[in-house]
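Inspection log for the structure reproduced underneath, given as structure tokens.
So that the names make sense, note that chain A is the first sequence line, chain B the second, and so on, each numbered from 1.
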Protein chains: 2
Amino acid sequence: MPVSTLTDPTLKDAHNLINTGFEHGEMITLVGKCEIDYDGRASSHLPPGERLVILKPDGTLLVHGNEQRKPVNWQPPGSTHSAHLSGDCLIIESVRTSPHEELDIMFQMVAQASRFGLDGVSEFNLEGSEEDLRQRILADPDILETGFSAMATERETSAGPIDIYGQDADGTAIAVELKRRRVGPDAVGQLNRYVEALERNRPGKSVRGILVAPSVTERAKQLLASENLEFVSLTPEQGDTSQPTDFSKDAEK
Amino acid sequence: MPVSTLTDPTLKDAHNLINTGFEHGEMITLVGKCEIDYDGRASSHLPPGERLVILKPDGTLLVHGNEQRKPVNWQPPGSTHSAHLSGDCLIIESVRTSPHEELDIMFQMVAQASRFGLDGVSEFNLEGSEEDLRQRILADPDILETGFSAMATERETSAGPIDIYGQDADGTAIAVELKRRRVGPDAVGQLNRYVEALERNRPGKSVRGILVAPSVTERAKQLLASENLEFVSLTPEQGDTSQPTDFSKDAEK
DNA sequence: GCTTAAATGTCGCGT
DNA sequence: ACGCGACGTTTAAGC
């Protein structure tokens, strides 16, 4: 796993390293003082400052400062990168199409330039997702409500797809919206759209709407009540008995 | 702007560099082969593979592969990092509290280790945000609708804050929801929640709801119609006459 | 600290 | 390519 690193290189040497990295489809990192312009979905300008710049072979570009998880500037995968020297600056240009977005990084000084290859993507499985919550309910529908039976997942309505569509012991239709974590008003609005869409399609017949999540906020609880929707507390993970002290914040139906 | 870099260091030397970086409040980057476990809001495991790891002095941790804008694993700012040698591994531990989240990175091999300081945050102003759109309307309310007058921004309702609350030439109340880009059903649901909250609070009096965005999707248009809500096409930027070919996709009131 | 909604959100999946 | 919704969303602002 070879890494080529230049410390305090001339801009010309940094430029050469970058181009070699491009040719080999490698990762490139640059540390130095630079000024940055972005124009695309929005636009921004960063005055000269010290940053870490990362170029990935898939066209991703990241600019990181010394704080925050989010890059201060970036380009998404698929962008096209190029580097050139102009006067006393090393300029990195990144262009994306559809939508058109452009990012220009002007380096006054490069303190470090590196290039290296990384192996491809490896197996990665995340546990605790909304999909896990769905599987939990489909495997044992009674945990949602005694007598519940699932009839479809991702059932289409004019307002969008319902996570689980089913019926209760009486045969009344139920729309179930799943959330992996505590929810606010947005999730209630989502469920409400689906229920209203179903009711518009089957006039006269009522449809129950059930929001399934670990818990709901107070405002969401009020909205559920005013829309005549229901809530069932479930987590994606089976034996999740976390935060017993937070029990007071769990909203019940 | 001093950068200390080690190429193909022993794990012991890499360990020393990391601890020195911690002491000095510096950025640290590591390139090497590692295995990663995460447990917190969800949980995941990454088998051994080559990655770029970034540690920021504010407690941020990023793990990047050779693709994607998003890190494959991370810890948010405020996390606590530590490094130690264990057998033939260099282990980085990161812990976050509230919620408790833990990330363990086990390096089998380090190809590059660096530490360097970056100067603080600098001026950064983004243009084209929803706030810009709001300013545009407040400066000239007629661009929304002739006779419109704004009475409040972020006006609170039982369903949440309305972007702009005002009235039309007839004195009828209007809730305005702003979006900086083309919107889907979620934005319609949001506006609808606000309008219904206002109507619940002032029974008998009707409230108009206007969604302001560059354009809406077809489904959103249908939802607007079924909820009796309106749409006005505006962009955050003044002279934004982009995508004339997309005009057919702009929904009109 | 919790809630709420914006974001250059990003990302994957479906049409 | 666009629509749609999940995401360990992250982040900021208000309370």
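- Mapping B:Ala220 and B:Pro77 onto DNA chain D by nearest heavy atom places B:Ala220 at the nucleotide closer to the 5' end.
- The listed nucleotides are C:dT10, D:dG8, C:dA6; the one nearest the side chain of B:Trp74 is D:dG8.
- In this structure, the nucleotide among D:dA6, D:dC4, C:dA6 sitting nearest to the side chain of A:Glu177 is D:dA6.
- Between the side chains of A:His64 and B:Lys56, at least one donor N or O lies within less than 3.5 Å of an accepting N or O.
- With C:dA6, D:dT11, D:dG8 as the choices, the nucleotide that has an atom nearest any side-chain atom of B:Lys70 turns out to be D:dG8.
- For the residue pair A:Ser215 / A:Arg182, a side-chain donor-acceptor distance below 3.5 Å is found, with atom types taken as modelled.
- Between B:Pro76 and A:Gln68 there is no side-chain heavy-atom pair separated by less than 4.5 Å.
- Contacts of A:Arg134 with the nucleic acid, taken as non-hydrogen atoms under 4.0 Å apart, are absent.
- Checking D:dG3, D:dA6, C:dT4 against every side-chain atom of A:Glu130, the shortest atom distance belongs to D:dA6.
- If you check every strand for non-hydrogen atoms under 4.0 Å, B:Ala187 touches nothing.
- Residue B:Glu154 contributes atom CD, which lies 19 Å from atom P of C:dT3 at whole-angstrom precision.
- Among the heavy atoms of the strands, none lies under 4.0 Å from B:Pro71.
- With rounding to whole Å, A:Gln75 atom CD is found 13 Å from C:dG9 atom P.
- Distance A:Arg69 CZ to C:dT10 P: 12 Å, rounded to the nearest Å.
- Taking both residues in full, the closest heavy atoms of B:Pro77 and A:Arg69 are given as CG-N, 4.0 Å, listed atom of the first, atom of the second, then distance.
- Distance from the side chain of B:Gln190 is smallest for C:dA5 among the nucleotides D:dG5, C:dA5, C:dA7.
- Put simply, the side chain of B:Ile28 does not reach to within 4.5 Å of the side chain of B:Ile54, judged on heavy atoms.
- You'll find that the side chain of B:Gln68 is closest to C:dC11, out of C:dC11, D:dG5, D:dT11.
- Near-neighbour residues of DNA chain D inside residues 35-54 of chain B, defined by a heavy atom below 4.0 Å, number-ordered: B:Tyr38, B:Arg41, B:Ala42.
- Position along DNA chain C of the nearest nucleotide to A:Asn73 versus B:Tyr194 favours B:Tyr194 as the more 5'-ward residue.
- The side chain of A:Arg181 has D:dT10 as its nearest neighbour among C:dT3, D:dT10, D:dG5.
- Map A:Ser98 and B:Pro185 each onto its nearest nucleotide of DNA chain D; the residue landing nearer the 5' end is A:Ser98.
- A salt bridge (charged side-chain N to carboxylate O under 4.0 Å, His left out) check over residues 38-51 of chain B, counting only residues at least two apart or in different chains, returns the pairs B:Arg41-B:Glu101.
- Within the 4.0 angstrom heavy-atom criterion, no nucleotide atom of any strand lies near A:Pro76.
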Identify each donor-acceptor pair in which a side-chain atom of residues 155-162 of chain A lies under 3.5 Å from a protein atom, sequence neighbours left out, and give them as a table.
from     : atom 1 : to       : atom 2 : distance (Å)
A:Thr157 : OG1    : A:Ala159 : N      : 3.0
A:Thr157 : OG1    : A:Gly160 : N      : 3.1
A:Thr157 : OG1    : A:Gly160 : O      : 2.6

